[in-house]
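Working notes for the structure below.
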Amino acid sequence: MLWRGRRQSDNVEDDRSDSGGGLGGGLGGSPGQFRVPIGGRAGGGGSIILVILVVLAGWYFGFDPSQILGDGSGGQITDDSGSQDNGGAPANDEMKQFVATVLADTEDTWTGIFKSQGLTYEDPKLVLFSGQVRSACGFASAAAGPFYCPGDHKVYLDMTFFQQLDQQFGASGEFARAYVVAHEVGHHVQNLTGIMGKFNQMRQGMSEADANQLSVRIELQADCFAGVWAHFTQQKGILEQGDIESALNAAKQIGDDTLQKKMQGYVVPESFNHGTSQQRQTWLARGFKSGKLTDCNTMSGPI
Ligand SMILES: [Zn+2]
């Protein structure tokens, strides 16, 4: 992606030096801090199971459905004092610049799309954190992967996830990382358009299996929205050869079936909550091909 020299977003909040720190590559920390997507599957296992779950949880970048169930008021959160603390993490490293540029590009794209529908897009904030973070959705560890909190309209990202994506999950390339950011922004779009609110309502009282199926549809739509963004990025002529392939490969590597096979040797389809590799690739590619939101209707029909 030819991102250097392009506009960088002002909506990046660098909280990397504020957090507890010291958790390293996202697998540390105490079990109490981990948020496992769709809680309750830990099943009372011992520490080994917990570690496995934590590793698995690290795969599920995206919003954590259990967080959506939080009150979402955000009223108790007071950590955004706006003070700049530059101790610790490098203040303006290249990866931060990359993320800020990708975020800016999503702002431009979604502002344009919303405008064409007579709507106003509100930029989300993107919080860079290190190890652990407090959001309006509660306390989160880097091990849970990047996430979007609808309560405060913020994307939370510990950039060590990018290394994990590359080294552990076999999803390398700049555009794989851009896809991660664009997917989270896709959840923000769902929040602004009311899709996420509806999702929260619908999943109330559902069985876990049904809620998982609904979650898959929400996640695939965020993938499709990331594809829509990539479509317009290509139109600007800033995609390079191999970019889309690296995003599609990332979608494949983080598919529920691929992850489960890798981590536990077998798959449990009813526990899928992000979609299979094939589904994730299909919806990402679909959004990319047309650039149309109407092609991202994952909420009805076969997926
Ligand atoms: Zn997601």
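Ligands are counted one by one from 1 in listed order, and the atoms in each one are counted from 1 as well.
With respect to the Zn ion (ligand 1), Glu219 has OE1 as its nearest N, O or S atom.
Residue side and main chain included, His274 places no N/O/S atom under 2.8 Å of the Zn ion (ligand 1). Backbone or side-chain N, O or S atoms of Glu184 do not reach the Zn ion (ligand 1) at under 2.8 Å.
For the pair Asp14 and Arg16, the salt-bridge criterion is met [side-chain N within less than 4.0 Å of a carboxylate O].
The Zn ion (ligand 1) is the vertex of the angle joining NE2 of His187 and NE2 of His183, which measures 100° to the nearest 10°.
When each of Phe232, Phe225, Trp229 is tested with Trp110 by the rule ring pair (Phe, Tyr, Trp, His ring centres under 6.0 Å), just one qualifies, namely Phe225.
Judged by distance alone, the side chain of Glu107 and the main-chain N or O of Asp123 form no donor-acceptor pair under 3.5 Å.
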* To do: Walk me through it: do Ile195 and Gln221 pass the test side chain to side chain contact (heavy atoms under 4.5 Å, CB included)?
  => CA-CA 10 Å; Ile195 295 168; Gln221 187 173 62; 3.5 Å; yes
